Amino acid sequence: MSAPATRAHLPRSRRRRPMRTLAKHAAAIVASAFALFPLLYVLSAALNPTGTLTGSNELFKSVGLDSFTRLVTSDQYPFLTWFKNSLIIGLTTAALSVFLGALAAYAFSRMRFVGRRPGLLGLVLVQMFPQLLAVVAIFILLTEIGEIFPAIGLNTHAGLISVYLGAALGVNTYLMYGFFNTVPKELDEAAMIDGAGHARVFFTIILRLVTPILAVVALLSFIATFNDFVIASVVLIDADQQTLAVGLYRMVSNPNYADWSAFAAGAVLAAIPVVALFLFLQRYIVGGLTAGAVK
Amino acid sequence: MTKTKKSIAAGAMLVTAGMLLSACSGGSTEPTSSATATDTGSETTATLTVWVDAERADSLADAATAYEDETGVAVEIVSRDNATIKDDYMQQASTGSGPDIVMGAHDWLGELTTNGVVAPLELGDSADGYLSVALDAAAYDGTVYMLPYAVENLAMLRNADLVAEPATSFDDMIAKGTAAGAEFPFVVEQGVDGNPYHLYPFQTAFGAPVFGRDANGAYDATQLTLGDGGDFAAWLSAQGAAGTISTEITGDIAKEKFLAGDAAFWLTGPWNVTAAVEGGINLAVDAIPSPGSEDAQPFAGVKGFFVNQYSENKVAANDFLVNYIGTTDVQVALFESSSVLPALTEAAQAVSDDAIVAGFLAAGEQAVPMPAIPAMGQVWQYWGIAEAEILNGADATATWDKLTADVQAAIDAQ
Amino acid sequence: MEHTRSLTALGRSGRIGPLIVKLLMLGVLDSVLVFLALILIGRGDWGILVIVTAAGLAINWVYLSKRALPAKYITPGLVFLAIFQVFVIGYTVYIAFTNYSTGHILNKDQAIESLLSQSQSRVADSHQYPVTVVRDGDAFGFLVTAEDGTAYLGFADQPLAPVDATFEDGTAVAAEGVQSLQYADILANQEAIFDLAVPAGDSAEDGWLRTLDGRSAYEYESSREYDAVADTMTDTTTGVVYTDGGDGAFVAPDGTRILPGWQINVGLDNFERAITEPTIRGPLMYVLVWTFAFAFLSVLLTFALGVALALLLNDPRMRGRKVYRLVMVLPYAFPAFLGALVWSGMFSTSFGFINQVLLGGAAVPWLTDPTMAKIAVLLVNLWLGFPYMFLVATGALQAIPDDILEAARTDGATPWGIFRHVKLPLLMVSMAPILISSFAFNFNNFNVIYLVTGGGPRDTAASIPVGFTDILISLVYKVAFTGQMRDYGLASAFSIIIFVVVAAISIVSFRKTKTLEEMN
């Protein structure tokens, strides 16, 4: 049941072929260059306080941490508050989205009921609707809700999280559903025969077997929430309530006064939680759990 | 492995608890927000909610505090995203959740009045104290709706280490810049879609404004004078061929070239002054040299404040704007914290001992307000593209004629 | 098996706990719902009340009933979906049947209020009167200081008349029998004072005094009059009578409309306009073909690259794969618009990195040539989208049991054969829906087009501002939101039409994936 045991029956028979390894690394390096290159401009802009974003190909000609210190210590921007808000909202949304999505995926994968397939399809279709007026509609809705329940109205984190949870069921549910289908039914059937209820099967058996996809969905949901500014900027009004994305976008929304170095520095700092979360979740995504547990 | 599972579960529970906590704390802090404060009992002092551009929020914060100390009216400055502030305001103004005051540019007026979300202001006898371009821009159909607080216009920035003297004409500028050995004698922000705002001074130098004016001096949508720009188009075509103006030069590239000392002259606005000075450039600011027979008139953008027609605090809002923001001391203070040229004549003069400010003032003497009439919206759609095409070698006369025809057709279709 | 056995033991002892938790949660929910219902009754929102009650009863039934097992799992997410997503769709549909657009964003009462407010102006060259707002019982009035320094007092129903007053610095500040208001009192009664109009004389022609700021009053005149009985707006300077033309604005006999107007229901007008709109119909075929190509190629490219990298980095023997994986996720960790802007700078013909450094000074017209611009947009979209596919594919790959792969290898299958016949089909089980929704997303991917090319290069032969990389949704923006015009009604009708098209394509595609699913 532990990781080494899983690895044990990976094919070790074939020997490594140096040419093949080299080719693989070459491919990975080319892809890395493609992925990283535009980000070097961002990093360069972050380190060059008076610089532009794309004015010059001479990257890193002036390097300093001015933008970072300006951002973090500035009285003008409650940067650390924004950061905290983003973390709270991002992590909460990610955790709850995974939870709500997994519940639904379990039902769709394990139970047979009328409207199952149309229901699945409907979840995905709902999210295809062009979001042209979403911002106006959400503003109106949260204004109304806020009149009755101020705690989840405009300008509250809980309100924003609720809006994000509206998208918890959707394509991610389908993704989990597909993955749930790969977990053999015999496992939960055996447990049921032993007297475990459906809830127990879900929480203690299924959830642990589908960890990779839960981790992926959590990461996707966190990134989407962390970087969203369209909805967050309408819902969160006071500076102290706002998220990092909202705060940062405002710095560059007027092209004439766009502070690209501060924005880029902020974007670099904002990438840290995403990277950290990925590093933390990576072992769950590719931990080889499924194979081991199914055995 | 079970251990890590538990830690995930525990983490998820913590997060959930965090959400509940944040919901609760959100609830308890709610009563401080403006919506609840303004509509409660008569003893409560008013709270004004003011939406402002992100980059002005800080300079206004001090003014807001000072006003509160003076009158007891709390002023809550809400910094909004520039890209969406106007549409958000239109959508929210009449819902009761909108702000009492919104900061914007004078060219919003056509939309604001058409939508009926802005209340007229009365500047009273203080009107005479504003720069005429600011006052001109603050009115729409003869009614004043905006309290002007800053005027922005283009001017010619010069690297005084490269060229010691101001240019007397456009050709003189190119000659001086070339003689100084700069890689670019002159740069101006363009881009693949052109940038008519930055070329407008040159267009007016050939006597071709976009719209004519009616008897009251207001822009008249029925008089499209854009078509008089044949000479300008020919000149633009020649500049494109000579490479003095290029669609390849984006704002970023122009800035880099000037800051690196590779460009002698840079046609830009006050927003780039800080970067140039901090970049170590020996900066001089001149009026815009004309390539034609008339003065080069840049557009003036006038920044100001509008009162929401559906505000419940209109008295406080008017008082804050007319009797507080519209005073010399406050406008000078706003200038000092954000470097925008004040709209009050006295305040503008008070800050003009600064050579750079004086340069922008001088360039601004010729400035005309950007038209706020709805027809202007149709012009923007075609104007820059046509100019970009001419710069890139399209037939000047034919392209300009098509531009005029397309704009006229779009205006007629509205 | 070890697990299941230990679970069973737990299962028997722990039955009662979950039940209590469930009942507690339902109790909390129900009390919130009752509270909500009481408020709704108080406000008279009967429609919403019916929906809330029905939903509340349904939720209780779901969790108390022994049946409805699937619903127990789906309901929590469905509640959020119903409130937030379905509301947005419902709102869009509602707007599609209205004339909500620039000049028609208010309701009729607001529009009338605004029209009257705009028509009030200070009498030219009239005096600026210092004013002290006073109160007599419930009535507010003005104590003003005239040009000659004498004081006048008046109320809404009592024209200005000379009065003996106490002066301070030449300004009348108090008068017998009335209470002078402090500024705080003025603020507390702002709306009444702002609306207060004190007649300047006995005749209506004399005009009236108003104060906007509570400190100065001005003589006002109005150029419009509203007749509530006839529902007409009269321009008092020209005498023209404007009537409610039925299309959300007051209209003169000669057809001149005055704005602001108000929102009305326009039935199917917006849909009719959307279908007949000439600025859309002209370039429609061209734009539609490119929209499909863009969406399809975007999905194909991101999927291919994402899956290829996921496979490459899923090899446990590959060194440094954790670092590589992190690198692949990085584009996704940065705001998309930052990446798009950098790319658009890198595409600059004379100064961009791609031409200047990568291609050694070539002059490829990346953003100005119709074909190259399309390639550029696809390239940027690939960069923006492949990390998503990479992540999803990496997760999905974990579902493929090693023994199947091993069996294939023992059978002598080539790596390509394993991929083609084993891994890809299994991947498609969980990824096919992702591909379909990714197609739908890119079909409406306004942002990437807007940020990279703005739809350009412009088709200069056309008389409307359409470009060669414009997709359907960006064309809709250009048509519905031109210049200062924001036609939300038309835009909503377009959204619905586009949604129907995309949904139809998706439904057909999903039918196909059913076969994939059953392979499992």
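On a predicted model such as this, the values are computed, not experimentally measured, just so you know. Numbers restart at 1 for each chain; the letters A, B, ... are given by sequence-line order, proteins then strands.
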- Message: Go through it in stages, so that I can follow the logic: the residues are C:Tyr220 and B:Glu122, the test is side-chain contact (heavy atoms from CB on, under 4.5 Å), and I'd like the CA-CA distance, side-chain angles, deciding distance and then a yes or no.
- Response: CA-CA 11 Å; C:Tyr220 271 87; B:Glu122 182 48 62; 3.6 Å; yes
- Item | CG-OG distance between B:Leu112 and C:Ser114, expressed to the nearest 0.5 angstrom | 10.5 Å
- For the atom pair CD (B:Gln92) and CD1 (C:Ile105), what is the distance rounded to the nearest 0.5 Å? 11.0 Å
Against chain C, work out which of [options] has the most heavy-atom pairs shorter than 4.5 Å and name it.
options                                : answer
B:Thr95, B:Asn323, B:Thr250, B:Thr143  : B:Asn323
B:Val192, B:Asp141, B:Asp125           : B:Asp125
B:Lys86, B:Gln91, B:Met376             : B:Gln91
B:Asp193, B:Ile249, B:Asn392, B:Thr114 : B:Thr114

- Query: Would a 4.5 Å heavy-atom cut-off, applied to side chains only, mark C:Ser348 and B:Ile253 as touching?
  - Reply: yes
- Would you check if B:Tyr140 and C:Gln118 make a side-chain contact, meaning some heavy-atom pair closer than 4.5 Å? no
Region of [X] that comes under 4.5 Å of a non-hydrogen atom in chain B:
X        : value
C:Ile186 : side chain
C:His127 : neither
C:Tyr183 : side chain
C:Ser101 : backbone
C:Phe351 : both

Which heavy atom of [X] sits nearest a heavy atom of [Y], and at what distance?
X        : Y        : answer
B:Tyr310 : C:Gln110 : OH-O, 2.9 Å
B:Gln309 : C:Ser117 : OE1-OG, 2.8 Å
C:Leu212 : B:Pro120 : CD1-O, 3.8 Å
C:Thr102 : B:Glu111 : CG2-CG, 4.5 Å
C:Pro465 : B:Tyr382 : CD-OH, 3.4 Å

Which residue out of [options] racks up the most heavy-atom pairs below 4.5 Å with chain B?
options                                : result
C:Gly214, C:Gly103, C:Gly454           : C:Gly103
C:Glu191, C:Lys478, C:Arg210           : C:Glu191
C:Met485, C:Glu113, C:Gln120           : C:Glu113
C:Leu115, C:Thr453, C:Thr368, C:Thr349 : C:Thr349

Taking side chain as everything from C-beta outward and backbone as N, CA, C, O, which of these in [X] sits under 4.5 Å from a heavy atom of chain C? Side chain, backbone, both or neither.
X        : result
B:Ala372 : backbone
B:Leu321 : neither
B:Thr113 : both

- Item | Derivation of the side-chain contact (heavy atoms from CB on, under 4.5 Å) call for B:Asp87 and C:Tyr488 | CA-CA 11 Å; B:Asp87 284 336; C:Tyr488 295 103; 4.2 Å; yes
Counting only pairs under 3.5 Å, give me each side-chain donor-acceptor contact of residues 401-411 of chain B, with atom names and distances, residues two or more places apart or in other chains.
{"residue": "B:Lys402", "atom": "NZ", "partner": "B:Asp406", "partner atom": "OD2", "Å": "3.0"}
{"residue": "B:Lys402", "atom": "NZ", "partner": "C:Thr460", "partner atom": "O", "Å": "3.0"}
{"residue": "B:Lys402", "atom": "NZ", "partner": "C:Ala462", "partner atom": "O", "Å": "3.2"}
{"residue": "B:Thr404", "atom": "OG1", "partner": "B:Trp400", "partner atom": "O", "Å": "2.8"}
{"residue": "B:Asp406", "atom": "OD1", "partner": "C:Ser463", "partner atom": "OG", "Å": "3.4"}
{"residue": "B:Gln408", "atom": "NE2", "partner": "B:Asp412", "partner atom": "OD1", "Å": "3.2"}

- Should we say atom OH of C:Tyr91 is surrounded by more than 12 heavy atoms from elsewhere, each under 6.0 Å from it? yes
- Would you say B:Glu183 has more than 12 foreign heavy atoms packed within less than 6.0 Å of its CD? yes
- Taking the side chain from C:Gln484 and the backbone from B:Gly377, do they hold a donor-acceptor pair closer than 3.5 Å? no
- Message: Run B:Asn115 and C:Leu106 through side-chain contact (heavy atoms from CB on, under 4.5 Å) and show every step you take.
- Response: CA-CA 8 Å; B:Asn115 280 324; C:Leu106 305 172; over 6 Å; no
